[in-house]
Amino acid sequence: MADPTSHPTSTPEAVLQDADELEAAQDEEARVQKCLRDADELKQDGNEHFRAKRWSEALAAYRAGLGRLPKRRPLETERGEEREAVDGDDGDERSGDGDSGEDKEAKGKGKAEEVEEKADEPVQPPSIEAELECARARAIMNANIGACYVKLEEWKDAVSTCSEALKDDPNYMKALQRRALANERIGSWSSLSSAQEDYNTLLTILPSDSPQRVAINRALASLKPRVEAAQKAETAEMLDKLKGLGNNILGRFGMSTDNFQFTPNGEGGYSMNFVR
């Protein structure tokens, strides 16, 4: 009688499958390590150009290095958003000569299956250690690209690449500092508010005795009135546009927004009065 607690003997097929998976894992590990070495060589080239103040050449080298690295694997939430985008794709419904309902259903199904196949593609993932190495390398490369954009005064590109660096390393101080600086230079209400957030994040990361805290607190103090001024200016601009739109409509009836007065009602709201 067989012992029910004994483990079944591996079949030849299972042994072959295990061997194939091990070989695939080793091949993927070797590929990732080569990518890391190639990227590091390009990063060193970029560093030489950057030290020589050749910003465009440094940028090209860093971007080439980033291209050698494996892409960041999307999180489950990002995959979910991609699937939702496919499910909600109804652009053809607005045109009278678009696809029929059956065609749309088939097309939508095909897109959904394509996303599923892409997400579930049986590629042997690298080890956790290799994943961490790649994430760190991507963060550094993106932050270096951001530094080049700062030198070239391409502020929006600097914000974008530093944000990419922070996806791989949310506490990367250089990326936070460069993104905050770039957002300060952009100067819009939302950008200045984002700079405030990054500086506050840096204060939570830096040690209490770090000399950088003085400069960050100084930057925060100077940002506060700028944020308030930008908020007022953009709010006033928005109201002016709304007023212009209202006057355009009311003008057809011989009226304007000046015919409507808003007065505080003492309860936190406003009362509207019509005047001729």
Looking at [Y], is its backbone amide N or carbonyl O close enough to the side chain of [X] to form a donor-acceptor pair, meaning the two atoms are under 3.5 Å apart?
X: R178; Y: A143; result: yes
X: S210; Y: P207; result: no
X: S194; Y: S190; result: yes
X: R138; Y: P70; result: yes

Mind checking the [atom1]-[atom2] spacing from [X] to [Y]? Nearest 0.5 Å is all I need.
X: L176; Y: N200; atom1: CG; atom2: CG; value: 11.0 Å
X: E184; Y: D198; atom1: CD; atom2: CG; value: 10.5 Å
X: Q33; Y: C35; atom1: CD; atom2: SG; value: 9.5 Å

Could you check whether any side-chain heavy atom of [X] comes within less than 4.5 Å of a side-chain heavy atom of [Y], counting everything from C-beta outward?
X: L66; Y: L42; value: no
X: C162; Y: N142; value: no
X: E164; Y: K167; value: yes
X: L203; Y: L220; value: yes
X: R68; Y: K34; value: yes
X: E57; Y: E48; value: no
X: R179; Y: S163; value: yes

Kindly give the heavy-atom pair with the smallest separation between [X] and [Y], and that separation in Å.
X: L192; Y: G187; result: CD1-O, 3.5 Å
X: V32; Y: C134; result: CG1-SG, 3.5 Å
X: Q212; Y: Q177; result: OE1-NE2, 2.5 Å
X: A39; Y: M141; result: O-CE, 3.5 Å
X: L206; Y: R213; result: O-NH1, 3.1 Å
X: A58; Y: C148; result: CB-SG, 3.8 Å

Are [X] and [Y] joined in one hydrophobic group, where the rule is that I, L, V, M, F, W and Y side chains link up if heavy atoms are under 4.5 Å apart?
X: L223; Y: W189; result: yes
X: V150; Y: V159; result: yes
X: Y172; Y: L202; result: yes
X: I145; Y: I186; result: no
X: I140; Y: L166; result: yes

Just wondering, are more than 12 heavy atoms of other shown residues or ligands nearer than 6.0 Å to CZ in R63?
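At most 12 heavy atoms, drawn from other residues, nucleotides or ligands, come within 6.0 Å of this atom.
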Under 6.0 Å from the six-membered ring centre of Y199 and within 45° of its axis: does the NZ or CZ of R218 meet both?
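Geometry flag: not set, cation outside 6.0 Å or 45°.
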Could K43 and D40 be called an ion pair, given the rule that one side-chain N must be under 4.0 Å from one carboxylate O?
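Looking at D40 together with K43, the answer is yes, because their closest N to O distance falls below 4.0 Å.
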Taking the six-membered ring for Trp, are the ring centroids of W55 and F50 within less than 6.0 Å of each other?
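Between W55 and F50, the centre distance is under 6.0 Å.
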No-hydrogen, no-angle side-chain donor-acceptor test under 3.5 Å, Y62 and N47
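There is such a pair between these side chains.
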Working note: D168 + R136, criterion salt bridge (Lys or Arg N to Asp or Glu O under 4.0 Å); need CA distance, chi angles, decisive distance, verdict.
CA-CA 7 Å; D168 280 308; R136 182 60 180 164; over 6 Å; no
